[in-house]
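None of these values were measured; they are calculated from a predicted model.
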Amino acid sequence: MSVPRYWREEVPRYRLLGKVCAGCGAKFFPARPVCTECGSTEFKDHKLAEVGEVVTWTVVRNPPPGFEKYKPYVVALIELEDGMRLLSQVVDVDPEEVQKGMRVEAVFRRVKEDGKAGIIQYGYKFRPVVE
Amino acid sequence: MSVLSLHRQVSVIGAGMTRFHHRLHQDKQGRELFVEAALEAAESVDNDFAFGDADALYLGYFSSDMFERQGHTAALMADWLGMNPKPAYRVEDACASSGVAVNAGIQAIASGMCDVVIVGGVEKMRTLGTKEVTDTLALAADANYEAGVGFTFPGLYAAIASAHFSKHGSTWEQLQQIAIKNHVNGKKNPKAQYQETIKEIADKLGERKGMIFRDEMEFLNSPLNPVVASPLKLFDCCPISDGAAAVILAADDVAKKYTDTPVRVTGIGQASDTMALHDRDDLTSLRATCFAAGQAYKMAEVEARHVDVACVHDCFTIAEVVATEDLGFFAKGEGGEAASEGRTALDGEIPVNPDGGLKAKGHPVGATGAGMVYEIFNQLRGQAGEHQIADAEIGLVHNVGAAGATVTVQIYRRG
């Protein structure tokens, strides 16, 4: 990812910040410029829930450039307690133990490195909730 | 949904395709591949056809920029075909690039702007290594929130597979029947990348590794078929390929001049959906397929049960299961079982991917949609050779961009 793109996405990534439509209340993550439900362009910030559960997942064994050191890693579709969905890695877990419905919580982690001299990208990952 | 229609009828009068392959075309550029396909298409027209007869070119090429460090490829191809000053349009809709190019060409004729157009696609992928190809293909996903968190295309379809298993109880074993069937079909197709059954591949690789496999399943369960993104293994994924396909379309009234046996376009559909999987309520179905197919069936005034032969987008085995359900060949959740029962085999009730599909024929992404039209053109003219479906009259083409953000469907009928 380019440096400017990464920089622009820093706040939503670091804080799990989405938007809620001022017109109809539809929630979005990541933020969008136009509401897909009502067409409004007015939004307020929406802080996403930080706990949710795994809807579906896979274990990536052939990672793209920048993700090699994490392989094999789990990526999942996660539904948060506020109903929002996002894709994320699930860490601090044996890949074999991940299952549908597993409760997970957001953590701040290193996500990707653009080679030895490139920027180091941080952002959210999820880990199992210890009940 | 209102029923759309073509204000002028369109037919396919010729089609050509290079062999799809991972090594064979190493010394060729994309432009050479496309010209090769276009020459074959021109050759296939019954009466004389010259590229100059065409009023426009619509070219699908997903990522010439990354693969060949070459942009502006539609004008380049038109130039190489000697079509100047006819207009040329490049279409980029990921793996559906040439499916969309075909639809655009059909609409250009239906609108009255053109009488004859050349549509097609090309992808020269093997200039990059596997990891870089995977990275380039991931450009077709949401770069920030899918690829950006480590998802790959096999990963996205693996998530779809997991969701399908969980909701419908389908199994990995059922998916293997898709791969096995498509390799059986590919063996009969001289244009396919892999003209070997999985059993033959198992025997060959087994010999090299000192292993003996009783049957395909033993091989597919062995370490020689490693996991790519669970539950999908290597043989659940289509290969990386170089190749091109070209199709010549003409208005019905003009087509008569070129051939007595055109293949008529009776219905087209196209739809878009959310880029990112996190914006979809249900991962077990591609909404864009359902919408595009609904549109095409209505326009063609046919139903799924009338289709005699179909080319569907099986970039991964699970994708064929989902496609056969979304296209209405089988009820939701029953696609895997139907494949296991042989209902989509060459001699089944609805033969799917008689050419070997993306799995065995190969998947040069920009060429795939036009490559499917090439197959259906030959099927409906009874000239598909060893993998011919007897008396095929109605054929369907289904081309998917990425994880279903773009889908095109066309329905063709023997003229």
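With a 6.0 Å radius and a threshold of 12 heavy atoms from other residues, nucleotides or ligands, B/Lys209 has its NZ atom at or below the threshold. In A/Glu113, the CD atom is crowded: over 12 heavy atoms of neighbouring residues, nucleotides or ligands sit closer than 6.0 Å.
Proximity to chain A (any heavy atom under 4.5 Å) is shown, for B/Ala138, by neither the backbone nor the side chain. For A/Pro63, the part lying under 4.5 angstrom from a heavy atom of chain B is the backbone only. Using a 4.5 Å cut-off between heavy atoms, A/Val111 contacts chain B through its side chain alone, with no backbone atom that close. Neither the backbone nor the side chain of A/Arg109 comes within contact range of chain B, judged by heavy atoms closer than 4.5 Å. Interface residue B/Leu283: only side-chain heavy atoms are found under 4.5 Å from chain A. For B/Ala147, the part lying near chain A is the backbone, with the side chain staying farther off; criterion is any non-hydrogen pair under 4.5 Å. Contacts between A/Phe28 and chain B at a heavy-atom distance below 4.5 Å are absent for every atom of the residue.
Taking CG of B/Asp281 as the start and CD of A/Glu79 as the end, the distance is 9.0 Å to the nearest 0.5 Å. Once rounded to the nearest 0.5 Å, the distance linking CG of A/Leu77 with CG of B/Asp279 reads 10.0 Å. Going from atom CG of B/Leu277 over to atom CZ of A/Arg85 covers 10.0 Å, rounded to the nearest 0.5 Å. The OH atom of B/Tyr145 sits 12.0 Å away from atom OG of A/Ser88, with the distance rounded to the nearest 0.5 Å.
Scanning both residues, B/Asp135 and A/Pro64, for their nearest heavy atoms gives OD1-CB, 3.9 Å. Contact detail for B/Ser166 and A/Lys100: the closest heavy-atom pair is OG-CD, 3.1 Å. Here the shortest heavy-atom pairing between B/Val149 and A/Gln89 reads O-NE2, 3.1 Å.
Proximity of a side-chain donor or acceptor of A/Tyr73 to a complementary backbone N or O of B/Gly150 within less than 3.5 Å is detected. Side-chain N or O atoms of A/Thr58 include none that pairs as donor or acceptor with a backbone N or O of B/Gly155 at under 3.5 Å. Distance alone, capped at 3.5 Å, is enough to place a donor-acceptor pair between the B/Ser230 side chain and the A/Val59 backbone.
Of the listed residues A/Pro30, A/Ala76, A/Pro12, the one with more heavy-atom pairs under 4.5 angstrom with chain B than any other is A/Pro30.
Using a 4.5 Å heavy-atom cut-off against chain A, the contacting residues of residues 219-228 of chain B are B/Val227, B/Val228.
The aromatic rings of B/His278 and A/Phe29 sit tilted, their planes meeting at an angle between 30° and 60°.
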